[in-house]
Amino acid sequence: MEYYTVVADSYEAAVKKAKELYGDDIRIHSRRDFTKGGGFFTRRQKRCEIICYSSPRPQAKERPASRDRDIREFEKEARTPDPATLSSKERLDTEIYRENEKAVVLLDLNHIADPLRSRLLEAFPPDKDPGLELSDRLLHAVAIDYEHQVHPRHFVAFIGPTGSGKTTTLAKAAYVYASQGRHVAIITLDTYRVGAYEQVKAFGDALSIPVLKAGAEDELIAAAELFQDKDIVFVDTMGTSPKDKELTLRLTSMLSLLGPDRTDLIMTIPATMKEEDMLEQHSVYSRFGKPSLAVTKLDETETIGNVISFAYRVSSPIIFLTDGQKVPEDIEKASSSALLDHLKGMGLVMRNSESQLRKER
Ligand SMILES: Nc1nc2c(ncn2[C@@H]2O[C@H](COP(=O)(O)OP(=O)(O)OP(=O)(O)O)[C@@H](O)[C@H]2O)c(=O)[nH]1
Ligand SMILES: [Mg+2]
């Protein structure tokens, strides 16, 4: 038996072409729908590939069928790939999903998990563009800490798991405010890890920001007094693990000396971390108060859906995003567009009047 492959714009066109080329007796072995070209916001061209074979069946020849009816029969025989067996990426690429499933595919692609996922899908309108509708819903569900970006308290303490980017992000953030003309300083409580003080001191020297270390309560009080005329004092802390209860208690007691109402807490969370681990870490740090989140290491992952799901679950706003090791440049303040830039298939479309307004300014 000989097999032939025919590709056309639609299934009907492919069957028609196959019949013209190989005769009316061909039978369909399989069908594959896919799309070519385009991007998320430009229309992709739909294509259909069929594999057929010739099978002279007497009854088929005898049937005086119209072309339309033949096509319907072929349709029944064609084996369309089962969407459930395809990966999200394949489903998005081949558009083998109903249009109202696109929202689900986008959530899968971005690793957005419950309870945020259910909230985003609640009564999803079938007539709206899934990418835009999801973006809009997401920005309503996840908070951005604009308030503390603009008006940080006197102390800004960075807490978070070991190696999550506390010291690097603190140095970058300190520079953001220093370059706006604010007087900033750094105190490090990390006198545990070898080289911790030298690391933050090197950043401070490079950025012309004074740095002091405080390994005990009296040293912290003295350092805070020395820096009392500064606008913002950034406080670096040691990485603690959920198992190290003693160190966590020690850190809690040190931070409480700063005064909770004078201190912003920023928890660094690597975008590469699993959501369960983020939750475990967060439960340790929640005893300090409710932190804002600085999402780090965005350059090491393709999507931040996991962090966004986590932020929603713990009701913490996002304040900074970092995407590289370079100090001070690899940081940006969290914003709607910055979050959407790190999510696949989502984004904002400016209405004509808005874009016109921008051009005119
Ligand atoms: N790729 C990448 N690496 C980063 C980013 N932020 C920090 N790092 C790197 O992550 C490593 C740990 O960063 P630190 O700032 O020392 O992390 P930490 O939380 O202070 O670590 P400990 O004080 O040991 O708990 C360093 O090699 C940083 O250069 C980032 O946005 N992207
Ligand atoms: Mg550190």
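Residue indices begin at 1 and follow the sequence shown.
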- Message: Quick check: His282 with Phe310 (ring centres under 6.0 Å apart)?
- Response: yes

Take atom [atom1] in [X]; do more than 12 heavy atoms of anything else shown fall under 6.0 Å from it?
X	atom1	result
Gln180	CD	yes
Tyr175	OH	no
Glu300	CD	yes
Lys326	NZ	no

Side-chain touch [X]/[Y], heavy atoms, less than 4.5 angstrom:
X	Y	result
Ser316	Lys290	yes
Leu139	Ser336	yes
Arg250	Thr252	no
Leu189	Leu255	yes
Lys230	Pro210	yes
Thr301	Asn306	no
Val184	Phe234	yes
Tyr146	Ser335	yes

- Task: Identify whether NZ of Lys or CZ of Arg in Lys213 sits under 6.0 Å from the centre of the six-membered ring of Tyr197 and within 45° of that ring's axis.
- Result: yes

Side-chain ion pair, [X] and [Y], N-O less than 4.0 Å:
X	Y	result
Lys16	Glu12	no
Asp236	Lys166	no
Glu329	Lys172	no

Between [X] and [Y]: side-chain donor-acceptor atoms closer than 3.5 Å:
X	Y	value
Thr303	Asn110	yes
Arg117	Tyr312	no
Gln325	Thr168	no

